[in-house]
K.L.:
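Dumping the structure here so I can ask a few things about it.
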Amino acid sequence: QASFAAEVRPFAPHLTIARAQKQADPRHLARIGDLLRHSSSEPSAPLAPFLVDQIHLIRSDLQPSGPVYSRLASFALG
């Protein structure tokens with residue numbers, strides 16, 4: 001049986017839209033972008049309701065020591 005220590009940082013729900021390797025073919029990245037822009041899939045119902053009052057666009061740079069996050073933009077809702 002496996003167990004994990006509880007996280008000490010506060011819960012921060014997020015959605016990872018895409019992640020690509022730095023050496024990825026630019027044509028493939030452009031195709032993925034096109035697919036994301038034209039996606040028509042239905043969103044799933046959340047597990048529990050929660051209020052969203054802002055959205056942050058965050059870049060994650062994966063490093064051997066762990067990801068480094070940079071906020072690129074913020075958007076207030078409502």
Side-chain angles (χ1 to χ4, degrees):
Q1 180 177 1
S3 62
F4 299 92
E7 290 272 352
V8 294
R9 60 186 176 178
F11 178 64
H14 71 282
L15 171 66
T16 299
I17 297 173
R19 180 171 284 153
Q21 295 179 342
K22 290 184 181 191
Q23 67 271 22
D25 185 324
R27 295 169 298 172
H28 294 162
L29 296 176
R31 179 69 180 132
I32 291 169
D34 289 342
L35 290 171
L36 288 171
R37 279 189 292 280
H38 298 99
S39 175
S40 62
S41 62
E42 299 242 349
S44 301
L47 297 176
F50 56 91
L51 176 66
V52 177
D53 58 2
Q54 55 185 317
I55 296 173
H56 304 288
L57 179 60
I58 297 180
R59 174 182 175 159
S60 61
D61 291 306
L62 302 180
Q63 304 293 320
S65 59
V68 175
Y69 299 105
S70 305
R71 186 179 301 177
L72 301 177
S74 295
F75 307 93
L77 303 176

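Reckoned from all heavy atoms, side chains included, excluding hydrogens, waters and symmetry mates.
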K.L.:
Check side chain to side chain contact (heavy atoms under 4.5 Å, CB included) between Ala73 and all other residues, then give those that pass, not counting sequence neighbours.
P.N.:
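With neighbours one apart ignored, the set is Leu57, Phe75.
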K.L.:
Of all heavy-atom pairs between Ser74 and His56, which one has the smallest distance, and what is that distance?
P.N.:
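It is OG-ND1, 2.8 Å.
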K.L.:
At their closest point, which heavy atom of Val68 faces which heavy atom of Gln63, and how far apart are they?
P.N.:
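Nearest heavy atoms, Val68 then Gln63: CG2-CG, 3.7 Å.
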K.L.:
Keeping to residues at least two apart or across chains, list the salt bridge (charged side-chain N to carboxylate O under 4.0 Å, His left out) pairs with something in residues 57-69.
P.N.:
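Passing the test, one end in residues 57-69: Arg59-Asp61.
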K.L.:
Hey, could you give me each pair passing salt bridge (charged side-chain N to carboxylate O under 4.0 Å, His left out) that has a residue in residues 3-13? Not counting sequence neighbours.
P.N.:
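Those involving residues 3-13 are Glu7-Arg9.
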K.L.:
Using the side chain to side chain contact (heavy atoms under 4.5 Å, CB included) criterion, which residues pair with Asp25? Sequence neighbours excluded.
P.N.:
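Asp25 satisfies side chain to side chain contact (heavy atoms under 4.5 Å, CB included) with Arg27, His28 once adjacent residues are dropped.
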K.L.:
Can you list, by chain and residue number, the hydrophobic cluster partners of Ile58 when the side-chain cut-off is 4.5 Å?
P.N.:
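Result for Ile58 is Tyr69.
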K.L.:
Partners of Ser65 by side chain to side chain donor-acceptor pair (under 3.5 Å), sequence neighbours excluded?
P.N.:
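For Ser65 there are no side chain to side chain donor-acceptor pair (under 3.5 Å) partners, ignoring immediate neighbours.
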